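All remarks here apply to the structure that follows.
None of these values were measured; they are calculated from a predicted model. Chain letters run A, B, ... following the sequence lines, proteins first, then strands; residues in each count from 1.
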There are 2 protein chains.
Amino acid sequence: MVRKSASGRIGIADVAVKAGVSHATVSRVMNGNFTVDPDIAARVRAAAAELKYQPNPVGRSLALGKTDTIGIVVPDLANPTFQAILRGLSRAAAQDGYRVLIADSFEVSSEESILAGEARRRCDGLVLCAPRMSDAELEEIAPSLRPLVLINRTTAAAEVPSLVVDYGQGVQDIAEHLVELGHTRLAFLAGPPRSASNGMRLQGLETFKAAHPQVEVTMLEGGSDFDTGHEAVDAVLESGATGILAFNDLVAMGLMSGLHERGLDVPGDISVTGFDDIPFAKYTTPALTTAAVPITELGEQAWHQLRALIRNEESAAPGSSRYQPRLEVRASTGPAKAPRSKVHG
Amino acid sequence: MVRKSASGRIGIADVAVKAGVSHATVSRVMNGNFTVDPDIAARVRAAAAELKYQPNPVGRSLALGKTDTIGIVVPDLANPTFQAILRGLSRAAAQDGYRVLIADSFEVSSEESILAGEARRRCDGLVLCAPRMSDAELEEIAPSLRPLVLINRTTAAAEVPSLVVDYGQGVQDIAEHLVELGHTRLAFLAGPPRSASNGMRLQGLETFKAAHPQVEVTMLEGGSDFDTGHEAVDAVLESGATGILAFNDLVAMGLMSGLHERGLDVPGDISVTGFDDIPFAKYTTPALTTAAVPITELGEQAWHQLRALIRNEESAAPGSSRYQPRLEVRASTGPAKAPRSKVHG
DNA sequence: GGCACCGCGGAAAACGCTTTCTTAGGCCCT
DNA sequence: AGGGCCTAAGAAAGCGTTTTCCGCGGTGCC
């Protein structure tokens, strides 16, 4: 019978008994405290090995006041963007011995703040992706969530770094690209109405419109997934636009698929652009012109910011950083052809 | 000053003081124990609300011996298959109030078993996806990981359900499909050599070959990602095969991309098939013929099995289940054309 | 009217660990 | 040789909960 204490699992007490020392000494040995006599330390290590003792992390966390775990709140795990952030975050955190706990809000923004709070309490810090949460609510909960890193949101709360992608600039770059190809009638297939990043895109478009009064830009309602793009075909054709800026790559792919079904050629008839440069964007047919965002790196940076906060409660307040998307011209955009009529078919 | 105790965070003791009761009573109220006088309960609740008291989950976990968290070990978070499993698992677990902790082994199978152990100790149960781990090692660690659910692996250890996809049958279905289209020279673009699911596919192919001695099946070395497929173009062409079974959808997509660059037509010149039916498989050009696996559902089922194990230490030992892939015929497969020479160009 | 029981809530133990405090013993120094 | 110091390890106090165990006061019953 190896297991001894009532709990079934072997604990520090079992090792202590076996090694004939107090559990304090066992703890010291396990934590590499060198004030222990080498002979005794060896005895303890032998006992621990024989019993296959593994410290209980929960007890450890309680005593230490830290969990070596961070949380991430995402609105939708099915979205490649958040998958990539998670991946970068997880990899970077793992290198420092931290694990990540995921909290998927499934796009129900009303739950986001409770979810975030719960996740935070189990962790040493939090990365929050909450594109739909209202500014007011964010402002309200941010302080209680620290150490906290925000993705694509900002807050006035102190000590809360933000990692934001400059969607506004990205959209402008794409629009410029289309204009250079001769397009004069553009359409923006918008994202979810309350999305923060959608707002940034709209602002970018305003700037663009001011600089290019001769270009017509139609606003179309949309969403953030493949189906949204697929369903938007009619609206897109009706707009008469020859250059379409989709909210993101997924929407663009859906749109291209829909256009293809209608027998239209991309980019022959219509040029389509995405945003994000998800892994699959390279492999669509035609390959998708998009604004590349270093998403995985974003997750990695999120960890670095969070780590600074965790390690150094006071100083080293890290600044927020802004990521510039890089225009990735591929085959889905081409020269504008002669203006089409507003009627499709 | 709301915060009182040294730790900075407000705890049960603060609420107790404010409400003028013992912390035991506060605990009783917070846990819905009805043996507390309604007046006192109200007072406690008021105090808790005013202080915005939130129980510390770590202390709670220690006392209760459970964490309301499960872990999942995956070999590669970048792989859509594991993303889907994770998604299904997370969603299902969330509905029962459980969170999921992720452990990405980054394909280094030597670390997998330590990683799994560490994850397990922080959680109430574990879902293990470890396709490269040796049977011996799996057998060795499985008992200590319980409650445990295995994905695409089996073990002799008791009380360890397995959820396995019948890759062997899937591969046979695909091969049959190609044969029906008139292909007589097939090639299998294999997965990672030590992958368990690759082994299952190979077994399926053996069965197929026995049933169709007239069909030539070439084995090609490969891997599990897009680049693998892309780099395999030469080997594929050299094989002279007209029907290619790629290890999975990613590999198939890479292969199609490579073939396209060579100016070859799919399925005109060569038919290509994948496996898994990842979300993007529908949207490749041409759309990919594949064997659809209900991956998200797999994650969901993993939770249900795990939940049964967690809730009911003894009875209800759930059986292992086997998932049959469903052949999904799309545009990447077509009738075989006249046999080609072994030289490409 | 006394006794047994019951309901309620406080004290304290338990969960498994870390860390401070304490004490015992050995060494050095004068 | 004795006292102060320093070292090493045990005792115990936390960490923040839950839960068991008790005791107290009140009620019902005979």
Side-chain angles (χ1 to χ4, degrees), chain A residues 3-45 47-48 51-69 118 120-124, chain B residues 3-45 47-48 51-69 118 120-124:
Chain A
R3 43 189 59 176
K4 184 210 156 209
S5 63
S7 79
R9 264 189 62 84
I10 58 171
I12 203 172
D14 306 86
V15 180
V17 169
K18 182 159 193 102
V21 297
S22 74
H23 57 275
T25 299
V26 176
S27 172
R28 281 189 266 257
V29 172
M30 301 304 291
N31 295 318
N33 185 326
F34 291 114
T35 71
V36 178
D37 182 288
D39 290 352
I40 296 187
R43 218 165 69 221
V44 168
R45 263 186 282 270
L51 261 35
K52 294 200 207 304
Y53 166 69
Q54 302 286 134
N56 176 328
V58 178
R60 202 153 194 282
S61 290
L62 188 58
L64 256 25
K66 63 187 203 125
T67 60
D68 290 345
T69 301
E118 284 193 348
R120 172 62 186 85
R121 256 171 281 128
R122 305 180 176 268
C123 298
D124 297 345
Chain B
R3 43 188 61 179
K4 183 213 157 208
S5 64
S7 79
R9 264 190 62 84
I10 57 171
I12 203 172
D14 306 270
V15 180
V17 169
K18 182 159 193 103
V21 297
S22 76
H23 58 276
T25 299
V26 176
S27 173
R28 282 189 265 257
V29 173
M30 300 306 290
N31 294 320
N33 183 326
F34 292 114
T35 71
V36 178
D37 182 290
D39 289 352
I40 296 187
R43 218 164 68 220
V44 169
R45 262 187 282 271
L51 260 35
K52 293 197 206 306
Y53 167 69
Q54 303 286 132
N56 177 330
V58 178
R60 202 152 193 282
S61 289
L62 187 59
L64 257 26
K66 61 185 206 131
T67 60
D68 290 346
T69 301
E118 284 193 349
R120 173 60 186 83
R121 257 171 282 128
R122 305 180 176 270
C123 299
D124 297 344

Take the protein atom [atom1] of [X] and the nucleotide atom [atom2] of [N], then report the distance between them rounded to whole Å.
X       : N      : atom1 : atom2 : answer
A:Asp37 : D:dG10 : CG    : C1'   : 15 Å
A:Asn33 : C:dT20 : CG    : P     : 10 Å
A:Arg60 : C:dT19 : CZ    : C1'   : 12 Å
B:Asn56 : D:dG14 : CG    : P     : 18 Å
A:Ile12 : D:dA12 : CD1   : C1'   : 14 Å
A:Lys66 : C:dG16 : NZ    : P     : 21 Å
B:Arg28 : C:dG7  : CZ    : C1'   : 11 Å
B:Leu64 : C:dA13 : CG    : P     : 20 Å

Assign [X] to base, sugar-phosphate, or nothing according to its heavy-atom contacts below 4.0 angstrom with the strands shown.
X       : answer
B:Ser27 : base
A:Tyr53 : sugar-phosphate
B:Val58 : nothing

- Item | Beyond-backbone contact of A:Arg122 with B:Arg122, side-chain heavy atoms, under 4.5 angstrom | no
Think [X] has a side-chain N or O under 4.0 angstrom from the OP1 or OP2 of [N]?
X       : N      : result
B:Asn31 : D:dT18 : yes
B:Ser22 : C:dA11 : no
A:Thr35 : D:dA8  : no

Between [X] and [Y], is there a donor-acceptor pair closer than 3.5 Å when you use the side chain of the first and the backbone of the second?
X        : Y        : value
A:Arg28  : A:Ala41  : no
A:Asn56  : A:Val58  : yes
A:Arg120 : A:Cys123 : yes

- Of all residues at least two apart in sequence or in a different chain, which pass the side-chain contact (heavy atoms from CB on, under 4.5 Å) check with A:Ile12? A:His23, A:Val26, A:Ser27, A:Tyr53
- Item | Under the side-chain hydrogen bond (donor to acceptor under 3.5 Å, both in side chains) test, residues paired with A:Asp37 that sit two or more places apart | none
- By nearest nucleotide on DNA chain D, pick out whichever of A:Ile40 and A:His23 is the more 5' one. A:Ile40
- Hunt down any stem DNA chain D takes part in, defined as 3 or more consecutive Watson-Crick or G-U pairs whose two distances are each under 3.5 Å. C:1-30 with D:1-30
